[in-house]
Enquirer: 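Have a look at this one.
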Amino acid sequence: MDKSNYNKVGVLIGRFQTPYLHEGHLAILKEVTNLHSQVIVFLGVPRIQNTKRNPLDFETRKKLIESRYPNIMVVALYDNRSDEKWSEQIDTLLNSIYPEKEIILYGSRDSFIPHYHGKHKTKI
């Protein structure tokens, strides 16, 4: 295990709008939990829920992740049309949970990273 990030907080942001964790989800969850002792998953919550694109509610998706990864903190992250306000929301939530920790946000290809304009380091 690479210990260089172990005392930093690993953060994933995603929708996880599937009835099960697929290989892509499992790969990034495994990578981040191997690198960090503390991991947060922010689950995107759309303004309009229970649609074809967003069929699962927050609690269902939270339970899906926690059933496989009980030590991961899962937090709702409400959609915002403004990337700047959305980024501020992320930074505010992270600062309230871990005010003194260094934080790294992880994304996959086609992820949130181009939309994040906050203060924390990102990694693909």
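Remember, it's a predicted structure, so these values are computed and weren't measured experimentally.
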Enquirer: Give the other cluster members for I40, using side-chain heavy-atom distances under 4.5 Å between Ile, Leu, Val, Met, Phe, Trp and Tyr residues; answer none if it is isolated.
Expert: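 Taking Ile, Leu, Val, Met, Phe, Trp and Tyr as members, I40 shares its hydrophobic cluster with V9, V11, I13, F42, M73, V75, L77, W86, I90, L93, L94, I97, Y98, I103, L105, F112, I113, Y116, I124.
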
Enquirer: Check whether any side-chain heavy atom of I104 sits under 4.5 Å from a side-chain heavy atom of T122, and report yes or no.
Expert: no

Enquirer: Say whether, by atom type as modelled, one donor and one acceptor occur between the side chain of S108 and the main chain of S111 under 3.5 angstrom.
Expert: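 Side chain of S108 to backbone of S111, a donor-acceptor pair under 3.5 Å: no, none is there.
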
Enquirer: Under a 4.5 Å cut-off applied to non-hydrogen side-chain atoms, are Y69 and L26 in contact?
Expert: yes

Enquirer: Among pairs that include at least one residue of residues 53-64, which meet side chain to side chain donor-acceptor pair (under 3.5 Å), considering only residues two or more places apart or in two chains?
Expert: D57-T60

Enquirer: Identify the two heavy atoms, one from S87 and one from G118, that lie closest to each other, and give their separation to 0.1 Å.
Expert: CB-N, 3.7 Å

Enquirer: Take atom CZ of R81 as the centre, draw a 6.0 Å sphere, and report whether it contains more than 12 heavy atoms from other residues, nucleotides or ligands.
Expert: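 No, CZ of R81 has 12 or fewer neighbouring heavy atoms, counting only those of other groups under 6.0 Å.
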
Enquirer: With sequence neighbours left out, which residue pairs that include part of residues 8-27 fulfil the ring-ring contact (aromatic ring centres under 6.0 Å, His included) condition?
Expert: F16-H25, H22-H25

Enquirer: Could you state whether Y78 and L56 fall into the same hydrophobic cluster, counting links through intermediate Ile, Leu, Val, Met, Phe, Trp or Tyr residues with side-chain heavy atoms under 4.5 angstrom apart?
Expert: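 No, because Y78 and L56 fall into different hydrophobic clusters, even though each may have its own neighbours under 4.5 Å.
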
Enquirer: So, N95 side chain and D91 main chain: donor-acceptor pair closer than 3.5 Å or not?
Expert: no

Enquirer: Quick one, I72 and L29 - any side-chain contact, counting heavy atoms below 4.5 Å?
Expert: yes

Enquirer: Checking F58 now: which residues fulfil ring-ring contact (aromatic ring centres under 6.0 Å, His included) with it, not counting sequence neighbours?
Expert: none

Enquirer: Please list, chain by chain and in numerical order, all residues satisfying side chain to side chain donor-acceptor pair (under 3.5 Å) with D83, sequence neighbours excluded.
Expert: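 For D83, the residues satisfying side chain to side chain donor-acceptor pair (under 3.5 Å) (neighbours in sequence not counted) are H115.
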
Enquirer: Considering residues at least two apart in sequence or located in another chain, which fulfil the side chain to side chain donor-acceptor pair (under 3.5 Å) criterion with Q89?
Expert: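 If we apply the side chain to side chain donor-acceptor pair (under 3.5 Å) test to Q89, skipping adjacent residues, there are no hits.
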
Enquirer: Which pairs with one or both residues in residues 31-44 pass salt bridge (Lys or Arg N to Asp or Glu O under 4.0 Å), sequence neighbours excluded?
Expert: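 Residue pairs with at least one partner in residues 31-44: there are none.
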
Enquirer: By ring-ring contact (aromatic ring centres under 6.0 Å, His included), which residues pair with H120, not counting sequence neighbours?
Expert: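 Checked H120 against ring-ring contact (aromatic ring centres under 6.0 Å, His included); zero matches.
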
Enquirer: Got a sec, which residues hit salt bridge (charged side-chain N to carboxylate O under 4.0 Å, His left out) with R15, two or more places apart in sequence or on another chain?
Expert: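 D79.
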
Enquirer: Counting heavy atoms not belonging to K101, are there more than 12 under 6.0 Å from its NZ?
Expert: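 More than 12 heavy atoms, drawn from other residues, nucleotides or ligands, come within 6.0 Å of this atom.
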
Enquirer: With sequence neighbours left out, what residues match E102 under salt bridge (charged side-chain N to carboxylate O under 4.0 Å, His left out)?
Expert: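 Salt bridge (charged side-chain N to carboxylate O under 4.0 Å, His left out) check on E102 returns K8.
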
Enquirer: Check side chain to side chain contact (heavy atoms under 4.5 Å, CB included) between T92 and all other residues, then give those that pass, not counting sequence neighbours.
Expert: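 Here no residue qualifies.
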
Enquirer: Can you tell me how far the CD atom of Q17 sits from the NZ atom of K52, to the nearest 0.5 Å?
Expert: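 Result: 14.0 Å between the selected atoms.
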
